[in-house]
Amino acid sequence: MGQDSIPTARLVRFFITLPEPLAIPDGYVWHRAFDHDPSDGLIQQFVNLTFMQSNGMSRQQGALSAAFEALNRVKEEAQTVGTADASHLTGQYTTVMATTLDDRIPDAESRCNNPQDIPPEHDPINRCIEEIARFTRSYRAALEAPCLIPTYEKIGPFIPYQRGEFVPVRSEDGAATGFRVSDWGDGGTILLDHLNISDAPAGNEIGSEDAGRIDHYMRMLSQGNPLFLWKERFVEARTALYREGKYGTAVTLSNTASEVLLDGLLSVLYWESGKTPEEVADIFAEGRLARRVKTNFSQLLGGNWSLDGTGPVANWFQKCYRLRHRVVHGGYSPTRLEAQTAIDATLSLSVYCWDRLVARKKKFPRTVLMVIAEEGLRKRGQWCHFMRDFMRDVAPVEPSWLDASHAWRSDMYDALLSGD
């Protein structure tokens, strides 16, 4: 066996602590060589995973300490009522030393909107994260272990690394047999493209001006109002993508959000149109969403509601609705970029719905004021004398529109179910 004449190449290893420990022996090694044939003068890509177990401060220790601190802050007595010492609560951590070629294409990031969208064959950290996820998925299925799948958004955001030189080794007949590391040298810490740190809040701080909005949404929540539920599902979809890295869940929740939005808006439009629940119940039958979109929205709001071609509706149908079908019924695992596209398509669909609704504000003033409100109309430059007079003269003397539309929707679904 002799050392190959290929020049010394670069190696990189990342130290990635998983979001939760895995029951894998300390020092367990997993190696994968990729199937593609390297070009002349290059080395076949691989990923080598070494699982390392350690104990440290428990995740519960900080939480328990905070709970005791809060308890003592509200006590009138000077003495404390308990101890915050939870040092005996140790926690287990699994860190993966993921080693691969340091062969990132220099301009790879400029070709993608986000670093995590760079194909694994062009980016070492994405290659290692993908292989850790593949290993965990296989481990989870084999042992039926209810564990989290590590994703880009669930690890880090600070990842230590080291670079090294290695020499490929071949036998005399030229067959690859492995490599030997000549030295581990420089290193540092990379920052992933997210700040999903559980020690800091994810949202904006609540202000005094938000109290009225929260009261409004609390009332809608208590009613089960679909115009609340669609936004909740949409936020959950964004959470699944940006904080949890659950791309399939992001797609299904995006589509759920859009379906709740469409049916919720359609029911309010029919309520304000004066239709009885019994007249339109069959329109809302399960499995007829595409028909409702193409036909009923066009009749009520005008605009382009075709599912073919271009535009926000067709884009949603192709990039979200149909993709969700592949995920749910075909077991397809979408990429992060596909999940992002589904969320973007859902958001564009909602904007189109609101734009068409505003365009029909004189036909559906109650729905506009419930959904868009004065603030939204002013932002669009659509606050006019008609809407001002309607809110001043009509709204105060009519029963609650939220209550009335909610009751109408409940009666409609009762009629739909009774007809089955």
Crowding at [atom1], [X] (>12 non-hydrogen neighbours, <6.0 Å):
X: Met52; atom1: CE; value: no
X: His329; atom1: NE2; value: yes
X: Glu398; atom1: CD; value: yes
X: Arg380; atom1: CZ; value: yes
X: Trp401; atom1: CH2; value: yes

Flag for [Y]-[X]: side-chain donor and acceptor within less than 3.5 Å:
X: Thr17; Y: Thr95; value: yes
X: Trp408; Y: Ser267; value: no
X: Asn126; Y: Glu130; value: no
X: Glu279; Y: Thr276; value: yes
X: His406; Y: Arg409; value: no

Inset, instruction - Report yes if the side chains of Leu266 and Leu300 come closer than 4.5 Å at any heavy-atom pair, otherwise no. - result: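 Side-chain contact under 4.5 Å: yes.
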Inset, instruction - With Phe297 as reference, evaluate Tyr270, Trp305, Tyr352 under the ring-ring contact (aromatic ring centres under 6.0 Å, His included) test and give the passing residue. - result: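 Of all the options given, the one that passes is Trp305.
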Inset, instruction - Take Asp355 and Lys361, measure what salt bridge (Lys or Arg N to Asp or Glu O under 4.0 Å) needs, and give me the verdict at the end. - result: CA-CA 10 Å; Asp355 288 346; Lys361 62 181 182 293; over 6 Å; no
Would you call [X]-[Y] a salt bridge at under 4.0 Å N-O?
X: Glu272; Y: Lys363; value: no
X: Arg32; Y: Glu131; value: yes
X: Glu121; Y: Arg127; value: no
X: Lys362; Y: Asp389; value: no

Result block: side-chain N/O donor-acceptor pairs under 3.5 angstrom for residues 138-146, not counting sequence neighbours:
| from | atom 1 | to | atom 2 | distance (Å) |
| --- | --- | --- | --- | --- |
| Ser138 | OG | Arg134 | O | 3.1 |
| Tyr139 | OH | Ala23 | N | 3.4 |

Legend entry - Considering all heavy atoms, the nearest Asp102-Arg163 contact: OD2-NE, 2.7 Å
Inset, instruction - Determine the minimum heavy-atom distance between Ala415 and Ala281, stating which atoms define it. - result: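 Residues Ala415 and Ala281, closest heavy atoms: CB-CB, 3.9 Å.
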Inset, instruction - First locate atom OH of Tyr152, then atom CG of Leu241, and finally report the distance between them rounded to the nearest 0.5 Å. - result: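 Atom-to-atom, Tyr152:OH and Leu241:CG are 12.5 Å apart.
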Inset, instruction - Calculate, to the nearest 0.5 Å, the distance between atoms CD1 and OH belonging to Ile16 and Tyr161 respectively. - result: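 Rounded to the nearest 0.5 Å, the CD1-OH separation comes out at 13.5 Å.
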Inset, instruction - Using the salt bridge (Lys or Arg N to Asp or Glu O under 4.0 Å) rule, take Arg336 and Asp117 through it: C-alpha gap first, then chi angles, then the decisive distance, then the call. - result: CA-CA 7 Å; Arg336 184 192 180 280; Asp117 294 330; 3.6 Å; yes
Inset, instruction - Kindly write out the residues that satisfy side-chain contact (heavy atoms from CB on, under 4.5 Å) with Gln53, not counting sequence neighbours, or none if the list is empty. - result: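 Gln53 satisfies side-chain contact (heavy atoms from CB on, under 4.5 Å) with Ile24, Asp26, Gln92, Thr94 only.
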Legend entry - Side-chain (Asn114) to main-chain (Gln116) donor-acceptor, under 3.5 angstrom: no
Legend entry - Pairwise salt bridge (Lys or Arg N to Asp or Glu O under 4.0 Å) hits with a residue in residues 291-319, at least two apart: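 Residue pairs with at least one partner in residues 291-319: Asp263-Arg292.
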